[in-house]
Amino acid sequence: YYCVIVGNITISSNDNILSGCDIYGNVTVTGNNNQLLALRIQGTLANSGGGTVCNSNFGFTDANQSKTIEPGEVGAAITCR
C-alpha cells in the first residue's frame with residue numbers, strides 16, 4: 001500500500017480517486033463520481049454520493065496496534081452501498 005492515513009477522511013467534492021491506502025479511521029463520501037480503490041479501512045465507510053465506484057476495499061482491525069496490518073487482521077470486503 002502506498003499511503004497510510006491516521007484519522008478520518010471526508011470526500012465532499014467530485015471526481016476524486018483514493019487508492020492503495022491503509023486508513024485508520026472512517027471514510028465519508030458525499031461528493032459524486034469518486035473512486036475508492038484497494039483501500040483497507042479500520043473504521044466505517046459511509047457513502048451518500050452518487051456514482052461512487054468501489055473496488056477491492058476491505059476492513060481491518062489492527063489488533064496489536066502495531067500500525068502494520070497482518071494478513072489475519074484483514075476482514076471482509078467493504079462495498080459502497
Side-chain angles (χ1 to χ4, degrees):
Y1 285 73
Y2 300 107
C3 71
V4 175
I5 299 169
V6 179
N8 298 326
I9 299 280
T10 299
I11 301 173
S12 57
S13 58
N14 300 329
D15 304 311
N16 297 285
I17 298 172
L18 183 59
S19 179
C21 295
D22 291 335
I23 302 170
Y24 292 83
N26 300 321
V27 177
T28 303
V29 179
T30 58
N32 297 313
N33 303 316
N34 292 290
Q35 296 182 48
L36 308 176
L37 310 171
L39 303 176
R40 297 190 296 192
I41 302 170
Q42 182 165 319
T44 60
L45 170 59
N47 173 43
S48 62
T52 304
V53 173
C54 285
N55 191 8
S56 300
N57 301 309
F58 292 88
F60 76 90
T61 302
D62 188 14
N64 59 5
Q65 299 180 352
S66 65
K67 297 292 190 249
T68 301
I69 301 170
E70 309 288 331
E73 294 176 325
V74 178
I78 296 176
T79 66
C80 287
R81 309 280 180 266

Check whether any side-chain heavy atom of [X] sits under 4.5 Å from a side-chain heavy atom of [Y], and report yes or no.
X	Y	result
Leu18	Leu37	no
Thr79	Cys54	no
Glu73	Asn64	yes
Val4	Tyr24	yes
Arg40	Ile69	yes
Thr28	Asn8	no
Ile41	Ile78	yes

[Y] backbone acceptor or donor facing [X] side chain under 3.5 Å:
X	Y	value
Ser66	Thr68	yes
Asn26	Thr44	yes
Asn33	Asp15	no
Asn14	Asn34	no
Asn32	Gly51	no

* **Minimum-distance pair of heavy atoms, taken over all atoms of Phe60 and Val74** =>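 Closest approach of Phe60 to Val74: CB-CA, 4.1 Å.
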* Considering all heavy atoms of both residues, which atom of Cys21 and which atom of Ile5 are nearest to each other, and what is their separation? ->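 Answer, listing the atom of Cys21 first, then Ile5: SG-CD1, 4.2 Å.
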* Are Leu36 and Val53 linked, directly or through other ILVMFWY residues, by side chains that come within less than 4.5 angstrom of each other? ->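 No; Val53 is not reachable from Leu36 via cluster members.
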